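Computed from a predicted structure; not experimentally measured.
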Amino acid sequence: MFKSIIISIILLTLPLFADKQNPPSLSSSSQLAPKSKNFLPVFAMDGKLKTSWVEGADGDGIGESLLIKYKNPISFKTISLYNGYGDPKLWSSNNRIKKLKVSDETGLEEIVSLKDSLSMQRIDLKKEFKSREVSLTILEVYKGSKSENTALAEVALHSDQAGSVLLPAKNTWAIGKWKTESNIAKINLHNDGTCEMGYETARMLCTWTDKGDKVIVSLEATLPLTNTDILELKRKNSPDGNVIEINGKFLFLENKDEV
């Protein structure tokens, strides 16, 4: 039984500041369910974790590409991305990218290895690209538990024109050690909007959003204690010290002894 909860919550912003005079256009070599609007290439640069490009070729999607085109060349040496399907409920079911080839119209290319994680990854390339057309090609994948489809939730090419995935965090909502007699595990919330509940041997993916006086956590699966996959975390004033209330029912007290 879990006896502690650690909550570290930082405000998230996910805009993509593309130059209005040089916006990117996206296409792909394939798309899952071509007639559907759920897996479009443009979802890989829409700034939303829960929308994703999903390739639609037979098998694991090896060799399938996302193509990003600009009217004028952009220069970049860093890529930020969210690997796999951005919705935590679908992340482990679908393939994630293990090796990715970055290439452009000039013939410049580089192969990079990605982590099997939903949290944001920042990849520093060996050479600077100056390109109008950038291709991201799937070379190897981490296998999904239910599907052979490979997904990419979000990508950004770091340059003055292409913008950045993340802004610096603005504030800290709550941080500390907490205790409870319930079986809710510790929750680690990252400043990119992703999170994990549990420990190394048993973890559940999640995403979260700041709603001012509360934080909404969307879990990968239903939590038995709360019988829901959505947690509402809210700070309460109490004479006993800081208290976090979850779903208006479960209370978590600050553990000053850090036991």
Side-chain angles (χ1 to χ4, degrees), residues 14-20 22-71 74 79-105 109 112 114 116-121 131-157 161-163 165 192-194 205-207 209 216 218-222 229-230:
L14 270 173
L16 289 174
F17 295 101
D19 191 322
K20 293 182 180 180
N22 193 27
S25 63
L26 285 84
S27 59
S28 59
S29 56
S30 68
Q31 174 196 319
L32 181 64
K35 294 183 180 180
S36 170
K37 295 182 179 181
N38 295 329
F39 315 106
L40 298 172
V42 294
F43 289 157
M45 293 186 82
D46 67 348
K48 300 176 182 178
L49 279 177
K50 289 192 175 182
T51 58
S52 306
W53 166 61
V54 184
E55 56 77 29
D58 292 336
D60 292 326
I62 304 302
E64 296 304 298
S65 298
L66 180 73
L67 180 62
I68 308 168
K69 292 184 178 181
Y70 291 89
K71 182 178 179 181
I74 65 165
I79 298 176
S80 293
L81 58 80
Y82 292 85
N83 197 7
Y85 205 98
D87 187 334
K89 298 175 181 62
L90 301 173
W91 186 85
S92 62
S93 299
N94 294 276
N95 290 350
R96 288 82 61 193
I97 303 172
K98 188 173 185 178
K99 286 189 178 180
L100 184 71
K101 181 173 72 173
V102 183
S103 59
D104 68 5
E105 76 277 14
E109 66 178 49
V112 298
L114 305 182
D116 193 19
S117 169
L118 178 57
S119 298
M120 189 191 75
Q121 301 181 47
S131 318
R132 283 189 177 89
E133 299 182 7
V134 181
S135 293
L136 306 178
T137 304
I138 302 165
L139 299 183
E140 191 174 345
V141 301
Y142 298 101
K143 297 287 289 184
S145 61
K146 296 180 180 179
S147 171
E148 292 183 326
N149 301 316
T150 301
L152 180 62
E154 200 68 32
V155 65
L157 311 175
Q161 294 164 305
V165 174
D192 63 359
T194 63
L205 288 171
C206 51
T207 56
T209 53
I216 307 299
S218 177
L219 297 169
E220 183 179 8
T222 298
D229 56 6
I230 301 295

Query raised in the report: So do the side chains of T207 and L118 get within less than 4.5 Å of each other, counting heavy atoms only?
Result: yes
Query raised in the report: Heavy-atom distance under 4.5 Å between the side chains of M45 and V155, does that happen here?
Result: yes
Requested in this report: Hey, could you give me each pair passing salt bridge (charged side-chain N to carboxylate O under 4.0 Å, His left out) that has a residue in residues 141-151? Not counting sequence neighbours.
Outcome: D60-K143
Query raised in the report: Are side-chain N/O atoms of S65 and S135 paired as donor and acceptor at under 3.5 Å?
Result: no
Report summary line: Sorted by chain and residue number, the side chain to side chain contact (heavy atoms under 4.5 Å, CB included) partners of L139 (sequence neighbours excluded) come out as K99, K101, I111, T137
Query - side chain to side chain contact (heavy atoms under 4.5 Å, CB included) involving L114 - partner list, sequence neighbours excluded - result: L81, N83, I97, L100, V112, Q121, I123
Report task. Output all residues satisfying side chain to side chain contact (heavy atoms under 4.5 Å, CB included) with L32, sequence neighbours left out; order by chain, then residue number. Result -> F39, V54, N149
**Report entry** E154 side chain to Y82 backbone, donor-acceptor under 3.5 Å
**Finding:** no
Report task. Supply the atom-to-atom distance S147 OG to L90 CG, rounded to the nearest 0.5 angstrom. Result -> 9.5 Å
Query raised in the report: Could you give the distance from CD1 (I68) to CG (L26), rounded to the nearest 0.5 Å?
Result: 5.0 Å
Query raised in the report: Is the backbone of G144 close enough, under 3.5 Å, to the side chain of N95 for a donor and an acceptor to pair up by distance?
Result: yes
Query raised in the report: Listed by chain and number, what are the salt bridge (charged side-chain N to carboxylate O under 4.0 Å, His left out) partners of E140, not counting sequence neighbours?
Result: K98
Query - S28 and E64, any side-chain heavy atoms less than 4.5 Å apart - result: no
Query raised in the report: Of all residues at least two apart in sequence or in a different chain, which pass the side chain to side chain contact (heavy atoms under 4.5 Å, CB included) check with N38?
Result: S36
Query raised in the report: Going from SG on C206 to CH2 on W91, what distance comes out if it is rounded to the nearest 0.5 angstrom?
Result: 12.5 Å
Query raised in the report: How long is the gap from CG on D87 to NZ on K48, to the nearest 0.5 Å?
Result: 13.5 Å
Query raised in the report: Do the side chains of Y70 and L157 get nearer than 4.5 Å, heavy atoms only?
Result: yes
Query raised in the report: What's the shortest heavy-atom distance between S30 and A57, and which atoms?
Result: OG-N, 3.4 Å
Query raised in the report: Of all heavy-atom pairs between D229 and A221, which one has the smallest distance, and what is that distance?
Result: CB-O, 3.7 Å
Requested in this report: Check the side chains of K69 and S27 for a donor-acceptor pair under 3.5 angstrom, ignoring hydrogens and angles.
Outcome: no
Query raised in the report: Under the 3.5 angstrom rule, does the side chain of E109 hit a backbone N or O of S103 as a donor-acceptor pair?
Result: no
Query raised in the report: Does a side-chain heavy-atom distance below 4.5 Å link S52 with F43?
Result: no
Query raised in the report: Got V102 and L136 here, is their nearest side-chain heavy-atom distance under 4.5 Å?
Result: yes
Query raised in the report: Considering only heavy atoms from C-beta outward, does the side chain of S29 approach that of E55 to under 4.5 Å?
Result: no
Report task. Decide if atom NZ of K50 counts as having more than 12 heavy atoms of other residues, nucleotides or ligands within a radius under 6.0 Å. Result -> yes
Query raised in the report: Does the side chain of T194 reach to within under 4.5 Å of the side chain of M120, using non-hydrogen atoms?
Result: no
Query raised in the report: If every non-hydrogen atom of G84 is compared with every non-hydrogen atom of R96, which pair is closest and at what distance?
Result: CA-CG, 3.6 Å
Requested in this report: Kindly compute the distance separating OH (Y142) from OG1 (T150), expressed to the nearest 0.5 Å.
Outcome: 12.5 Å
